[in-house]
2 protein chains.
Amino acid sequence: MKLPVSTEWLLHCATTLAQLDPGATASAAQLADYYDLPAPYLAKQLQALVRAGVLAATTGPRGGFRLARPASEITLLSIVEAVDGAASPYECREIRRQGRGALPPEECERICVLAAKMADAHAAWRRSLDGVTLAGILGELPDAAPARTRARLASIARPAPPR
Amino acid sequence: MKLPVSTEWLLHCATTLAQLDPGATASAAQLADYYDLPAPYLAKQLQALVRAGVLAATTGPRGGFRLARPASEITLLSIVEAVDGAASPYECREIRRQGRGALPPEECERICVLAAKMADAHAAWRRSLDGVTLAGILGELPDAAPARTRARLASIARPAPPR
């Protein structure tokens, strides 16, 4: 049971974007430099957050990524599930219906009790991550962090616009 | 984020073994027939439950597997973690320490706030599964299920002992 390595990347990038001034953006190349990550692969992953409605992408020389919604409305769950999907890690293939022990169909109308308990656990995991917003994360950072984040991002040059 | 397919097998096999009479066993071949599963691979997985102290294995013509502890002391968590390990699905590679945005070491003495929230979610998942025992699962089965399970298992012949 493993989340993709890019889960960490996107949680950090979204947290970084949550610290920008309103309307400001950061490019995939800037974020890749900021965290020393492979830019092309990061750009692809950031697009998954755009598709999930977590980030908005703008084009043009000052274009890039910004939050699509207020930081108080973006949960860690929405970021993690944008990367990895919302499926439960437990897959029930209904083995209760097969072999010499196969249950009669009328006993399989309700979800298998084992699958139900596994679903309860997944629901507990989702609830936990759904209760944490980017605004909440920012509230746990040192007071000076957002200004430092903005200054460091600004120090990473964007490519010169075409003349 | 996926648990192995064998997670379902082992949850069901442990539930089946919890329905046997005290001291009775079922062989890997019997359990494989019961659920129409590949016997050699199932046998290997059952050994993982033995190593985890969930099942005990006995040898001899009437040998096989039985619970190593009372069903009230075996949690779904112990079974799932015997299959898949206890590691969190989220891997923190400390990208906060690298790149142009690298945090100073003194700000990295405590766990990253994002990793901490992901650990909270994993703890919620573990707590949920740790709260369900095989005895609890048996309590949710139809009253007639254990006797039927025993009769069906008994109907699956064991190989004849060598003369």
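By convention in this document, chain letters (A, B, ...) are assigned in the order of the sequence lines, proteins followed by strands, and residues within each chain are numbered from 1.
Heavy atoms of Leu76(A) lying under 4.5 Å from chain B belong exclusively to its side chain. For a residue to count as touching a neighbouring chain, one of its non-hydrogen atoms must lie under 4.5 Å from one of that chain's; by this rule Arg148(B) touches chain A with the side chain only. Only the side chain of Asp84(B) comes within less than 4.5 Å of a heavy atom of chain A; its backbone N, CA, C and O stay farther away. For Gln30(B), no part sits under 4.5 Å from any heavy atom of chain A, backbone or side chain.
Highest contact tally toward chain A, considering only Ala87(B), Pro89(B), Gly99(B), is held by Pro89(B) [criterion: heavy-atom pairs under 4.5 Å]. Chain B forms the most heavy-atom pairs under 4.5 Å with one residue out of Pro4(A), Cys112(A), Gly101(A), and that residue is Gly101(A). Ranked by heavy-atom pairs under 4.5 Å with chain A, the list Arg152(B), His122(B), Glu8(B) is led by Glu8(B). Most heavy-atom pairs under 4.5 Å with chain A, from the set Arg127(B), His12(B), Glu91(B): that is His12(B). Note: Val113(A) leads Val113(A), Leu103(A), Thr16(A), Leu153(A) in heavy-atom pairs under 4.5 Å with chain B.
The CZ atom of Arg96(B) sits 12.5 Å away from atom OG1 of Thr15(A), with the distance rounded to the nearest 0.5 Å. For the atom pair CG of Leu37(B) and CZ of Arg93(A), the computed distance is 10.5 Å after rounding to the nearest 0.5 Å. Here the straight-line distance linking atom OG1 of Thr7(A) with atom OH of Tyr90(B) works out to 7.5 Å at 0.5 Å rounding. Here Trp125(B) contributes atom CH2 and Arg126(A) contributes atom CZ; the two are 15.5 Å apart, rounded to the nearest 0.5 Å.
The shortest heavy-atom contact between Ser155(B) and Arg100(A) is O-NH2, 3.0 Å. Residues Ser88(A) and Lys2(B) share a closest heavy-atom pair of O-NZ, 3.6 Å. Between Gln98(A) and Asp36(B), the closest heavy-atom pair is NE2-O, 3.5 Å. Across Ala121(A) and Ser128(B), no two heavy atoms sit closer than the pair CA-OG, 3.3 Å.
Contact annotation: the side chain of Leu11(B) never approaches that of Lys117(A) to less than 4.5 Å [non-hydrogen atoms, C-beta and beyond].
Linking ILVMFWY side-chain heavy atoms closer than 4.5 Å, directly or via other members, places Leu17(B) and Tyr41(B) in a single hydrophobic cluster. Note on Met1(A) and Val5(B): same hydrophobic cluster, where clusters join Ile, Leu, Val, Met, Phe, Trp and Tyr whose side-chain heavy atoms are under 4.5 Å apart, directly or indirectly. The hydrophobic cluster containing Val50(B) also contains Leu31(B), counting ILVMFWY residues as joined when their side-chain heavy atoms lie under 4.5 angstrom apart, directly or transitively.
For residues 131-146 of chain B, heavy-atom neighbours of chain A at less than 4.5 Å comprise Val132(B), Ile137(B), Glu140(B), Leu141(B), Pro142(B), sorted by residue number.
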Please assess Met118(B) against Leu129(A) for the test side-chain contact (heavy atoms from CB on, under 4.5 Å), listing each intermediate value before the final yes or no. CA-CA 7 Å; Met118(B) 296 303 292; Leu129(A) 293 179; 3.7 Å; yes

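Remark: Arg97(A) engages Glu94(A) in a side chain to side chain donor-acceptor pair (under 3.5 Å) (not counting sequence neighbours).
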